[in-house]
Amino acid sequence: MNGKKIILWAANAVDSLSDLSQGPARMGVKAVAVLLRTLARVLERRTVAETTAMLEDILANGAKPLTAEELDEQERKIAEEFAAKG
Amino acid sequence: MRNRRLTLALLATAAALVFFLPMLALLSGCGASAVQRHSYVAEAVDDVTQVARGLVLEARQDALRAAGRTASEAGLPTAEAIAAAADAFDAGPMVVTYNVLVEAKNAYVRALLARIREHRRPGMEELRPFVLGLLRAYAAHREALGIRADRLPLIPELEVAP
């Protein structure tokens, strides 16, 4: 097992721990997992073409702004939950 | 209360990233190219925004459920209470700040891609749209907090910039 795999394994373990915490503590634990993943990435070398593909992937599949449709859908589901309970 | 703590944690993490990520990119760059160093930053920022997205949606869900429960206990229509809570949450600091942060991240990635396609070496100036975006997120957060924003300091540049 190389260093990168060990760090990724640790990052996943820390991420799992975040489910046990709440609020700011949860955010902190998740931030540690992000830092570990960043460290793992630093250990890998990429070509410019691979980096470009990765950046394009971030734009296409990375975190997106919250849309009105998405927020309306969440609201609708919760309203239905309460309506079902009567 | 929990929402406010989460918001402040989100803001504190974003603020820490402004200082930490460029530093990490520079420190990690002993053997890496400028393109690689920037890609580490871009991926880390994307990871953070993915985590933030989950937290914002979770906090919104908690707020809507709390409003539904309160209305249900008081014998009031739950759908209206949930809709009102949703409107208040969406105009609040979490959704507003998150959306500005994501735009900042995307602006940074687009600036990087443009530099790479021009076969030019990316420099620290590519971080500019991201840092400016974070400042805009801070301003939007401050505004969305409303009266509580008095507790947050002003950033002088933002007060004079259009």
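Proteins come first, then strands; the chains are lettered A, B, ... in the order of their sequence lines, and each starts at number 1.
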At a heavy-atom distance under 4.5 Å, which candidate from Ala83(B), Ala85(B), Ala79(B) has the highest pair count against chain A?
Ala83(B)
Specify the closest pair of heavy atoms between Asn99(B) and Pro65(A), including all atoms of both residues, with the distance to one decimal.
OD1-CA, 3.2 Å
With a 4.5 Å cut-off on heavy-atom pairs, point out which of Arg69(B), Glu103(B), Arg110(B) contacts chain A the most.
Arg69(B)
Using atom types as modelled and distance alone, determine if a side-chain donor or acceptor of Ser72(B) lies under 3.5 Å from a backbone N or O of Gly68(B).
no
Should Arg41(A) and Asp47(B) count as an ion pair when the cut-off is N to O under 4.0 Å?
yes
Heavy-atom pairs under 4.5 Å with chain A: which of Gln61(B), Arg53(B), Glu43(B), Gln50(B) has the most?
Glu43(B)
Counting only heavy atoms closer than 4.5 Å, note whether Leu64(B) contacts chain A via side chain, backbone, both or neither.
both
For the interface with chain B, which of Arg37(A), Lys77(A), Arg76(A), Glu70(A) has the highest count of heavy-atom pairs at distances below 4.5 Å?
Glu70(A)
Leu71(A) versus Thr67(A): any side-chain heavy-atom pair under 4.5 Å?
no
Counting heavy-atom pairs under 4.5 Å with chain B, the top scorer among Thr51(A), Ile78(A), Thr47(A) is Ile78(A)
Taking the side chain as C-beta and beyond, is there a heavy-atom pair between Leu55(B) and Tyr98(B) under 4.5 Å?
no
When only pairs under 4.5 Å are counted, which of Glu56(A), Glu80(A), Gln74(A) shares the most heavy-atom pairs with chain B?
Gln74(A)
Residue selection (most heavy-atom pairs with chain A, distance under 4.5 Å) from Thr49(B), Leu57(B), Asp90(B), Val100(B)
Leu57(B)
Cation-aromatic face contact Lys85(A)/Phe82(A), 6.0 Å, 45 degrees:
yes
Among Asp72(A), Val34(A), Leu66(A), Leu59(A), single out the residue with the greatest number of heavy-atom pairs under 4.5 Å to chain B.
Leu66(A)
Carboxylate-amine/guanidinium contact Glu81(A) Arg65(B), below 4.0 Å
yes
